[in-house]
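A quick write-up on the structure given underneath.
Atoms within a ligand are numbered from 1 in the order they appear, just like the ligands themselves. This one's a predicted model, so the numbers in the text were calculated from it and none came from an experiment.
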Amino acid sequence: MNRREYLKKSLAGAALLGTAGLSIPSTAKAIMTDTFDASTNRYTLPDLDYAYDALEPHIDAQTMELHHSRHHQGYVNGLNNALGKLAEARDTGDFSLVKHWSRESTFHGGGHFLHAMFWKIMSPNGGGEPSHAGLRDAINRDFGSFEKFKSHFIAASTAVEGSGWGIMSYEPNGGKLVIHQAERQSDLTMWSTTPLLMVDVWEHAYYLRYQNRRRAYVEAFFNVINWDEVARMYEEAVG
Ligand code: MN3
């Protein structure tokens, strides 16, 4: 996709966001669909909507160029590589490295998604406070005031242990904005996903019946999956 097409799609996504209020998932979906090239089955690095020096003096041009062209590209490559290795494992039936490639796909997938969104939520014309009434009201409601939100966000972002992110998210079940931290990209969540199917693998979920045989428990779990409910949630997530 060239820059013009990407911009057009981004603008369409922004229009959608306007009608849906705080519809962060639609932005996430646009990122993950716009950067996926179905013809090669690979994710691609999205163009920025502005020049590398456009965020000066707040973020310098060299940092932006290295961050986008080297670091983000590295996550895109890592994600494609991991997804390829997992496809290979499905073909050969050799899942001996599934833990490694699952970690890699989550780490790099989280990195790709968060960086693509990071570029989108910055602008040379940014700063100040939100003018969108719905977002302003939600921040006031959920954090007390814009100033309190800002203090909280800065404190949480500054205090991330090691590498990671400070994040404000929409928590769709409670319908609230939340601030949280991510260590590394993702430990171990991929932020663009809406959970549809999950199995509790804490020992408390299976130890009495299966002792340390977690795999037998997960295999047995497939006998009790309510696929009708999974399908209903899938329809909701797809919209
Ligand atoms: Mn980064």
Specify the closest pair of heavy atoms between His115 and Trp165, including all atoms of both residues, with the distance to one decimal.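 Heavy atoms of His115 and Trp165 come nearest at CE1-CZ2, 3.5 Å.
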Please find the pair of heavy atoms, one from Ala182 and one from Val160, that lie closest to each other, and give the distance.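 Result for this residue pair: O-CG1, 3.7 Å.
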Do Arg214 and Tyr206 get their side chains close enough for a donor-acceptor pair, meaning under 3.5 Å?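 Yes.
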Quick check on Phe146: does its CZ atom have over 12 non-hydrogen neighbours (other residues, nucleotides or ligands) under 6.0 Å away?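 Yes, CZ of Phe146 has more than 12 neighbouring heavy atoms, counting only those of other groups under 6.0 Å.
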Going by ring pair (Phe, Tyr, Trp, His ring centres under 6.0 Å), name the residues that satisfy it together with Trp227, two or more places apart in sequence or in a different chain.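 Here no residue qualifies.
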Salt bridge flag under 4.0 Å for residues Glu229 and Arg232: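 So Glu229 pairs with Arg232 through a salt bridge.
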Everything protein-side that's N, O or S and under 2.8 Å from the Mn ion (ligand 1): list it, residue and atom.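 Within the sphere that stays under 2.8 Å of the Mn ion (ligand 1), the protein atoms of type N, O or S are His67 NE2, His115 NE2.
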